[in-house]
Protein chains: 2
Amino acid sequence: MPEKKKITAIDSWGQALTTVSRLLRKFDTTLQESVGISAVWYDVLLRLSYAPNRRMRMQNLSESLILTRSGATRLVDRIEKAGLICREAAAEDRRGYYAILTDEGRAVMRRAKKIHGDDILASFGSHLDSDEQRLVYELMRKVADGNG
Amino acid sequence: MPEKKKITAIDSWGQALTTVSRLLRKFDTTLQESVGISAVWYDVLLRLSYAPNRRMRMQNLSESLILTRSGATRLVDRIEKAGLICREAAAEDRRGYYAILTDEGRAVMRRAKKIHGDDILASFGSHLDSDEQRLVYELMRKVADGNG
DNA sequence: AGACAATTATTGACAATGCAACTAATGAAT
DNA sequence: ATTCATTAGTTGCATTGTCAATAATTGTCT
């Protein structure tokens with residue numbers, strides 16, 4: 001009879017937290033060194049690159065980035081200053097603004113996606129087979145869905 | 001034949017990252033409101049509470065917290081000022097210091113563990129059965145091990 | 001023993017982020 | 001149409017964390 005240590009929700013969460021934190025830091029370093037952008041910037045550019053017309057309202061952006069709106073404002077300020085995105089007033093709601101990926105942003109993103117994709121594969125993907133990767137995806141998704 | 005969308009390592013990592021980020025923020029809010037400490041403080045106190053003699057060298061602490069040493073110095077400064085931990089010079093290596101859990105820190109930790117444990121159960125554990133929790137633990141551990 | 005490299009922790013300067021307060025615009029109710 | 005609550009975004013201030021440089025101590029090599 002195999003001896004199995006009891007794994008509590010606390011253990012499970014704790015391991016998820018440390019693993020994700022470590023990897024994130026690693027990915028951030030790679031991106032910074034090879035493309036000159038942080039993982040947070042990457043996240044912004046990625047979402048914009050998939051958004052319709054490569055643009056998102058500040059509000060949506062801040063939600064998907066898990067940042068406060070003010071945090072998003074500051075972040076977009078910096079990336080805009082670097083020329084990778086720009087702002088445009090929203091025609092349909094004059095309170096709002098769009099953050100829009102610039103051509104330069106797209107170019108940076110092409111390089112970054114390659115580098116970062118390889119990095120994820122090397123540090124994360126290569127240690128799990130495809131079923132396991134699916135499991136991680138589905139379990140994490142289930143937790144996320146369970147929290148609204 | 002069930003149609004399954006292909007899940008890449010990138011999808012899997014992305015979901016893990018957002019789920020963990022969201023939960024962490026939620027946990028942080030709860031701890032802050034109910035015990036008056038952040039999730040980071042909690043992490044420090046937790047590790048100290050399990051460490052031999054409830055003390056750890058700054059170096060070890062910073063590693064397990066995924067923080068730079070200078071970040072750990074600042075963090076320990078603040079928690080020390082709050083009276084939850086204290087510093088003590090290391091006898092065996094006069095360059096070093098221990099961070100040590102105080103009695104007050106232990107008291108705070110007793111309350112925090114209960115609150116935070118419940119929170120983890122409610123937001124994470126309740127959405128996964130015990131096998132799934134074990135899976136998350138083992139998969140995340142495998143990734144962590146694969147990265148040194 | 002003496003010289004030099006490596007390690008531990010801290011500090012100053014600065015970057016990033018949250019909170020609360022604010023402005024401008026929208027929408028809903030009368 | 002006017003009023004009032006709500007929403008989008010930005011800003012000032014405080015907090016938190018990083019990076020590079022520093023001081024003190026230890027270890028190594030001859």
Check the pair Asp103(A) / Arg54(A) against salt bridge (charged side-chain N to carboxylate O under 4.0 Å, His left out), numbers first and verdict last.
CA-CA 10 Å; Asp103(A) 289 343; Arg54(A) 289 187 269 283; over 6 Å; no
Salt bridge check: are Glu138(A) and Lys142(A) linked by an N-O gap of less than 4.0 Å?
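Judged by the 4.0 Å cut-off on N to carboxylate O distance, Glu138(A) and Lys142(A) do not form a salt bridge.
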Residues Asp77(A) and Lys81(A) bridged, charged N to O under 4.0 Å:
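Not counted as a salt bridge, because no side-chain N and carboxylate O are separated by less than 4.0 Å.
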Restricting to salt bridge (charged side-chain N to carboxylate O under 4.0 Å, His left out), what partner residues turn up for Arg95(A), sequence neighbours left out?
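With sequence neighbours excluded, Arg95(A) shows a salt bridge (charged side-chain N to carboxylate O under 4.0 Å, His left out) to Asp93(A), given in chain and number order.
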Any pair counted as ring pair (Phe, Tyr, Trp, His ring centres under 6.0 Å), so long as it reaches residues 60-81 of chain B, sequence neighbours left out
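Output for this query is empty, none listed.
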Among pairs that include at least one residue of residues 41-51 of chain B, which meet side chain to side chain donor-acceptor pair (under 3.5 Å), considering only residues two or more places apart or in two chains?
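Listed once each, the pairs are Asp43(B)-Arg47(B), Ser49(B)-Lys113(B).
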Residue pairs fulfilling side chain to side chain donor-acceptor pair (under 3.5 Å) with at least one residue in residues 28-40 of chain A, sequence neighbours excluded:
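Matches after skipping sequence neighbours: Thr30(A)-Asp119(A).
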Co-members of the apolar cluster containing [X] [side chain, <4.5 Å]:
X: Met1(B); value: none
X: Ile7(B); value: Tyr137(A)
X: Tyr98(B); value: Ile100(B)

Measure the distance from OH on Tyr98(A) to P on dG9(D) and round it to the nearest whole Å.
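It is 9 Å, rounded to the nearest whole Å.
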Can you name the residues that form a side chain to side chain contact (heavy atoms under 4.5 Å, CB included) with Gln133(B), not counting sequence neighbours?
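Applying side chain to side chain contact (heavy atoms under 4.5 Å, CB included) to Gln133(B) gives Ala9(A), Ser12(A), Leu128(B).
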What are the atom names and distances for every N/O pair under 3.5 Å that joins the protein to nucleotides 15-18 of chain D?
residue : atom : partner  : partner atom : Å
dT16(D) : OP2  : Arg78(B) : NE           : 3.3
dG17(D) : OP2  : Arg78(B) : NH2          : 2.2
dT18(D) : OP1  : Arg25(A) : NH2          : 2.4
dT18(D) : OP2  : Thr68(B) : N            : 3.4
dT18(D) : OP2  : Thr68(B) : OG1          : 3.0
dT18(D) : O4   : Arg74(B) : NH1          : 2.7

Verify, without hydrogens or angle tests, whether Ser123(B) (side chain) and Ile120(B) (backbone) share a donor-acceptor contact under 3.5 angstrom.
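Not a single qualifying donor-acceptor pair exists.
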Do any of residues 44-58 of chain B sit with a heavy atom less than 4.0 Å from DNA chain C, and if so which?
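Those residues whose heavy atoms fall under 4.0 Å from DNA chain C, taken from residues 44-58 of chain B in numerical order, are Arg57(B), Met58(B).
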Interface with DNA chain D, restricted to residues 84-95 of chain B and to heavy atoms under 4.0 Å:
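Only Asp93(B), Arg94(B), Arg95(B) qualify.
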When you list every nucleotide of DNA chain C with an atom under 4.0 Å from a heavy atom of chain A, which one comes first 5' to 3', and which comes last?
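Contact boundaries, 5' end first: dA16(C) to dT26(C).
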